[in-house]
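The next block holds one structure in the form of structure tokens; read it before the comments.
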Amino acid sequence: MTSPGAVPPVRQLRLVVEAEDYEAAVRFYRDVLGLPEQAAYSGGDGAEVVILDAGRATLEIANPAQKRMIDDVEVGRQVAPRIRVAFEVDDARATTQRLVDGGAAEVAPPTTTPWQSVNARLDAPADLHITVFQELRTLDERAALDGFGTDGSGTDGDPAPVVDGPPPTR
């Protein structure tokens, strides 16, 4: 637990992805999805990396039953690998179309979920299975829905959301 005003022990979550087709992956995530470039580095041996700003990061940990339920709701079948990347957007339908036009393969179209978000699934460059989602309700509004609650284990002293029914996120 951190005290008020203390610096959190983790400052950033960074997902590092190896992409065989580096240029295509950069074009897709930076230019099509719209993640701003924060920094880029190259080495004399052809090594290249770009760091794209994806806004606020969270780590969502789901048990196998939750993963299966999410796939069933969003796609209608089991498709997601063990790791899936989700991007919150303002307009899931328009973003999905833009990503498909930019090279992603739609796995499932934008779908309104029981937890009040619009989620779409895509297979994207760098072999990532991704979700784009648009929240239709605020976190406080969703917390009032059946199946939402807290387990009181938030490390910052605030209760952490927990779900006994539909999930609060993707």
Side-chain angles (χ1 to χ4, degrees), residues 12-38 50-151 160-170:
Q12 180 182 153
L13 172 68
R14 183 172 292 173
L15 178 65
V16 180
V17 177
E18 177 186 9
E20 287 294 325
D21 190 339
Y22 175 80
E23 289 80 15
V26 170
R27 182 191 61 75
F28 181 83
Y29 293 102
R30 183 190 62 202
D31 304 337
V32 178
L33 183 56
L35 301 178
E37 188 172 311
Q38 181 179 343
V50 64
I51 299 169
L52 303 175
D53 185 351
R56 188 180 131 232
T58 60
L59 177 61
E60 181 173 324
I61 300 172
N63 69 12
Q66 175 76 5
K67 181 207 169 284
R68 286 189 302 274
M69 187 269 295
I70 296 293
D71 270 1
D72 287 345
V73 167
E74 292 182 6
V75 184
R77 66 188 188 287
Q78 298 302 296
V79 296
R82 202 171 64 57
I83 296 175
R84 176 172 46 88
V85 181
F87 298 96
E88 183 175 4
V89 299
D90 290 332
D91 185 335
R93 295 181 200 304
T95 300
T96 298
Q97 188 58 57
R98 190 174 76 244
L99 297 182
V100 168
D101 292 346
E106 184 178 88
V107 175
T111 302
T112 302
T113 68
W115 50 93
Q116 297 303 297
S117 64
V118 177
N119 297 16
R121 292 286 193 91
L122 304 112
D123 285 329
D127 295 321
L128 290 180
H129 186 78
I130 69 172
T131 297
V132 292
F133 68 97
Q134 173 187 350
E135 297 293 5
L136 300 176
R137 294 187 180 187
T138 68
L139 184 57
D140 288 340
E141 290 170 335
R142 288 183 322 209
L145 298 173
D146 286 342
F148 288 79
T150 61
D151 68 1
V162 69
V163 174
D164 296 323
T169 58
R170 294 47 18 223

Pairs involving residues 14-25, ordered by first then second residue, that meet side chain to side chain donor-acceptor pair (under 3.5 Å) (sequence neighbours left out): Gln12-Arg14
So, for [X] and [Y], which heavy atoms are closest and what is the spacing to 0.1 Å?
X	Y	result
Glu74	Trp115	OE2-CZ2, 4.0 Å
Ala92	Val132	O-CG2, 4.2 Å
Asn63	Gln66	OD1-N, 2.8 Å
Lys67	Pro81	CE-O, 3.6 Å
Pro125	Tyr29	O-OH, 2.7 Å

Atom CG of Asp90 with >12 non-hydrogen neighbours under 6.0 angstrom: no
A side-chain contact here means heavy atoms from C-beta on lying under 4.5 Å apart; do [X] and [Y] qualify?
X	Y	value
Gln116	Glu141	no
Phe87	Leu35	yes
Met69	Asp72	no
Leu122	Thr96	yes
Val85	Val17	no

Atom pair OG1 (Thr58) and CD1 (Ile61), whose distance is rounded to the nearest 0.5 Å: 10.0 Å
From Thr131 atom OG1 to Glu60 atom CD, the distance as rounded to the nearest 0.5 Å: 9.0 Å
Could you tell me whether a side-chain N or O of [X] sits under 3.5 Å from a main-chain N or O of [Y], the two making a donor and an acceptor?
X	Y	value
Asp71	Ala80	yes
Arg27	Gly102	yes
Thr111	Pro109	yes
Arg98	Leu33	yes

Residues which pass salt bridge (Lys or Arg N to Asp or Glu O under 4.0 Å) with Arg30, listed by chain and number, not counting sequence neighbours: Glu37
Side-chain donor-acceptor contact under 3.5 Å, Gln134 with Asn119: no
